[in-house]
Amino acid sequence: MQEVRGKRAFGQLGEDKACAFLQAQGHRIVARNWRGSHLEVDIISEASDGLHFVEVKTRLDADAAPEEKVDALKQRRISAAALKYLNETGSDREVFFDVVSVTISGDESTVNYFPQAWIPMYL
């Protein structure tokens with residue numbers, strides 16, 4: 001594995017791997033690190049079934065599964081960002097909230113995809 005310095009660069013590497021994985025699954029990447037005010041979504045992709053708001057978690061030789069770091073608070077923030085994105089773009093596509101976990105160990109990496117990881121409650 002190429003040497004990666006810094007947390008941001010490491011996260012970027014994980015997002016690059018997640019994008020490549022999603023594209024191999026037929027997704028078209030619409031946006032990366034989309035920001036709406038203080039809210040952010042790692043990846044927004046489009047597939048035949050609709051828009052996917054994707055949180056990417058990258059870990060080095062993870063003891064715990066990276067996807068477990070997407071807790072209820074994180075889900076609410078991503079859901080709020082998605083609502084802002086939808087309001088700004090006027091999209092009426094079906095929406096999904098996914099998680100991609102990337103575990104890097106030496107020169108190897110493992111990508112796990114969790115489609116429809118949660119369903120937000122908008123009240």
Side-chain angles (χ1 to χ4, degrees):
M1 178 178 93
Q2 68 189 43
E3 186 175 347
V4 178
R5 295 179 190 251
K7 185 176 181 180
R8 180 167 294 195
F10 188 69
Q12 184 72 39
L13 176 64
E15 287 179 13
D16 292 346
K17 291 183 179 295
C19 283
F21 177 86
L22 290 168
Q23 289 170 322
Q25 301 299 311
H27 289 238
R28 181 179 70 82
I29 305 303
V30 174
R32 288 182 65 171
N33 303 112
W34 182 87
R35 287 191 175 276
S37 172
H38 64 284
L39 303 168
E40 181 185 3
V41 178
D42 291 335
I43 299 170
I44 301 172
S45 68
E46 186 174 45
S48 60
D49 59 350
L51 273 175
H52 292 255
F53 293 87
V54 184
E55 175 68 8
V56 179
K57 289 296 180 187
T58 307
R59 296 290 181 264
L60 183 63
D61 296 320
D63 292 330
E67 65 276 5
E68 292 176 3
K69 297 293 185 181
V70 185
D71 60 14
L73 176 61
K74 186 69 169 177
Q75 290 174 12
R76 283 193 301 275
R77 293 182 62 78
I78 296 166
S79 299
L83 185 57
K84 185 167 184 58
Y85 176 87
L86 294 169
N87 286 334
E88 286 181 7
T89 62
S91 177
D92 62 354
R93 302 280 320 266
E94 185 78 27
V95 173
F96 301 94
F97 294 88
D98 307 340
V99 173
V100 173
S101 70
V102 180
T103 303
I104 298 174
S105 178
D107 290 337
E108 302 293 319
S109 62
T110 303
V111 177
N112 290 305
Y113 179 45
F114 301 90
Q116 300 182 38
W118 76 90
I119 299 170
M121 297 293 292
Y122 291 112
L123 301 175

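Ion pairing between D16 and R32 holds under the 4.0 Å rule for side-chain N and carboxylate O.
When atom types are taken as modelled, the side chain of D98 and the backbone of H52 share no donor-acceptor pair closer than 3.5 angstrom. In this structure, the side chain of R93 engages the main chain of A47 through a donor-acceptor pair within 3.5 Å. A donor-acceptor distance shorter than 3.5 angstrom exists from the side chain of Q75 to the backbone of V70, with no hydrogens or angles considered.
Shortest non-hydrogen contact noted between F96 and D49 is CE1-O, 3.3 Å. A18 and V56 make their closest contact through CB-CG2, 3.8 Å (heavy atoms, listed as atom of the first residue, atom of the second, distance). A pairwise comparison of heavy atoms in I43 and C19 identifies CD1-SG, 3.5 Å as the closest pair. When all heavy atoms of L22 and V100 are compared, the pair lying nearest together is CD2-CG2, 4.5 Å. Here the closest heavy-atom approach between residue A81 and residue V41 is recorded as CB-CG2, 3.6 Å. Smallest separation of non-hydrogen atoms from A117 and V99: CB-CG2, 3.7 Å.
Residues E40 and R77 are not in side-chain contact: their nearest non-hydrogen atoms beyond the backbone lie 4.5 Å or more apart. Between F114 and S101, some side-chain heavy-atom pair lies under the 4.5 Å cut-off.
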Practice task
Begin with the C-alpha distance, continue with both residues' side-chain angles, and end with the deciding distance and a verdict on side-chain contact (heavy atoms from CB on, under 4.5 Å) for I29 and S45.
Solution key: CA-CA 4 Å; I29 305 303; S45 68; 4.1 Å; yes
Problem - From CA spacing to verdict: side-chain contact (heavy atoms from CB on, under 4.5 Å), L51, Y85 - result: CA-CA 11 Å; L51 273 175; Y85 176 87; 4.1 Å; yes
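Around the CD1 atom of I119, the shell of radius 6.0 Å holds no more than 12 heavy atoms that belong to other residues, nucleotides or ligands.
Hydrophobic clustering (side-chain heavy atoms under 4.5 Å, transitive across Ile, Leu, Val, Met, Phe, Trp, Tyr) keeps W118 apart from L39. Clustering ILVMFWY residues whenever any of their side-chain heavy atoms sit less than 4.5 angstrom apart, transitively, puts L13 in the very cluster that holds V54.
Using the six-membered ring where Trp is involved, F53 and F97 have ring planes that are parallel, under 30° apart on the 30 and 60° scheme.
Taking CZ from F21 and OG1 from T110, the interatomic distance works out to 11.5 Å, rounded to the nearest 0.5 Å. Atom-to-atom distance recorded for I44:CD1 and H27:NE2 is 13.5 Å, nearest 0.5 angstrom.
For E15, the side-chain hydrogen bond (donor to acceptor under 3.5 Å, both in side chains) partners at least two apart in sequence or on another chain are N33. Partners of W34 according to the side-chain hydrogen bond (donor to acceptor under 3.5 Å, both in side chains) rule, which considers only residues two or more places apart in sequence or in another chain, do not exist here.
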